[in-house]
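What you see is a predicted model; the values in this text were computed from it and never measured.
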Amino acid sequence: MVTAITQGIKISVETMYQDEYSNPANEQFMFAYRIEIENLSDYTIQLLRRQWFIFDSAGTIKEVEGAGVVGVQPVLEPGQVHAYVSGCQITTDIGSMRGNYSMIRVATDTPFQVDIPEFALIVPYRLN
């Protein structure tokens, strides 16, 4: 698990290789990731957008961005946590992801960005 804190917002990421949804013979490697967003600040915040950079070991870089996370734009009071699971597919057995969330402080409508720490996407047999 990797963790980072930006402006009082803690992001923790755990990844899981999805063997049953992968097809290595066709260069399809599926990974799930669970993200936990914890509001350690004194402000109520809302996540508005996400931006991802997805890398594979062949040098391919994909950028994905859009509103919210898995269809929601969660509001978190101080001390609250929002967790979700999503996934991505890459064409090699090793890769990584990193990104950021665009958020606002609800009371003042002040925008800010939160870093999503880089995390590895590695098929388990590559770890030996």
Please check if I104 and L76 belong to a single hydrophobic cluster, counting links between Ile, Leu, Val, Met, Phe, Trp and Tyr side chain heavy atoms closer than 4.5 Å.
-> no
Look only at the side chain of S57 and the backbone of T92, and say whether a donor-acceptor pair between them is shorter than 3.5 Å.
-> no
Nearest-0.5 Å distance that lies between atom CD in Q73 and atom CG in L48 | 5.5 Å
Decide whether V75 and L40 are clustered together by the hydrophobic rule: side chain heavy atoms of Ile, Leu, Val, Met, Phe, Trp, Tyr closer than 4.5 Å, transitively.
-> no
About how many Å separate CD of E38 and CD1 of I5, when rounded to the nearest 0.5 Å?
-> 8.0 Å
Would you say K10 and S12 make side-chain contact, with heavy atoms under 4.5 Å?
-> yes
Worked verdict on S41 versus Q7 for side-chain contact (heavy atoms from CB on, under 4.5 Å) | CA-CA 7 Å; S41 78; Q7 296 193 47; over 6 Å; no
Side-chain heavy atoms of R98 within contact of P117, under 4.5 Å | no
Just say parallel, tilted or perpendicular for the rings of Y101 and Y84, cut-offs at 30° and 60°.
-> perpendicular
With a cut-off of 6.0 Å (strictly less than), are more than 12 heavy atoms of other residues, nucleotides or ligands near CG of N26?
-> yes
So F29 and Y17, would you call those rings parallel, tilted or perpendicular, with 30° and 60° as cut-offs?
-> tilted
Going only through I, L, V, M, F, W and Y residues with side-chain contacts under 4.5 Å, is there a path from V72 to I35?
-> yes
Q46 vs M103 side-chain heavy atoms within contact, under 4.5 Å | no
Would a distance-only check, ignoring hydrogens and angles, find a side-chain to backbone donor-acceptor pair under 3.5 Å from N23 to E27?
-> no
Go through the steps to decide whether Q80 and N39 satisfy the test side chain to side chain donor-acceptor pair (under 3.5 Å), and finish with yes or no.
-> CA-CA 6 Å; Q80 286 188 319; N39 185 358; over 6 Å; no
Walk me through it: do F31 and M16 pass the test side-chain contact (heavy atoms from CB on, under 4.5 Å)?
-> CA-CA 6 Å; F31 294 86; M16 297 131 306; over 6 Å; no
Below 4.5 Å, heavy atoms only, C-beta onward: do Y33 and S86 meet side chain to side chain?
-> yes
Can you hop from V114 to W52 via hydrophobic side chains spaced under 4.5 Å?
-> yes
Side-chain contact, heavy-atom cut-off 4.5 Å: M1 with E36?
-> no
Would L121 and S96 count as a side-chain contact (heavy atoms from CB on, under 4.5 Å) if you check the C-alpha gap in whole Å, the side-chain angles of each, and the deciding distance to 0.1 Å?
-> CA-CA 5 Å; L121 305 170; S96 66; 5.5 Å; no
Does one hydrophobic cluster hold both V69 and F112, with members joined at side-chain heavy-atom distances below 4.5 Å?
-> yes
Min side-chain heavy-atom separation D115-I11 under 4.5 Å = no
Least distance between heavy atoms, Q113 atom then S102 atom = NE2-OG, 3.9 Å
To the nearest 0.5 Å, atom CD1 of I90 lies from atom CD1 of I122 at 9.5 Å
Ignoring hydrogens and geometry, is there a side-chain-to-backbone donor-acceptor pair from D56 to G59 under 3.5 Å?
-> yes
Short side-chain to backbone donor-acceptor contact, S22 and M30, under 3.5 Å = yes
Is E65 paired with R50 through a side-chain N to carboxylate O contact shorter than 4.0 Å?
-> no
Got I37 and I9 here, is their nearest side-chain heavy-atom distance under 4.5 Å?
-> yes
Using a cut-off of 6.0 Å, state whether more than 12 heavy atoms not belonging to F55 lie near its atom CZ.
-> yes
Pair I116-V13, side-chain contact (heavy atoms from CB on, under 4.5 Å): steps then yes or no = CA-CA 8 Å; I116 304 167; V13 185; 4.3 Å; yes
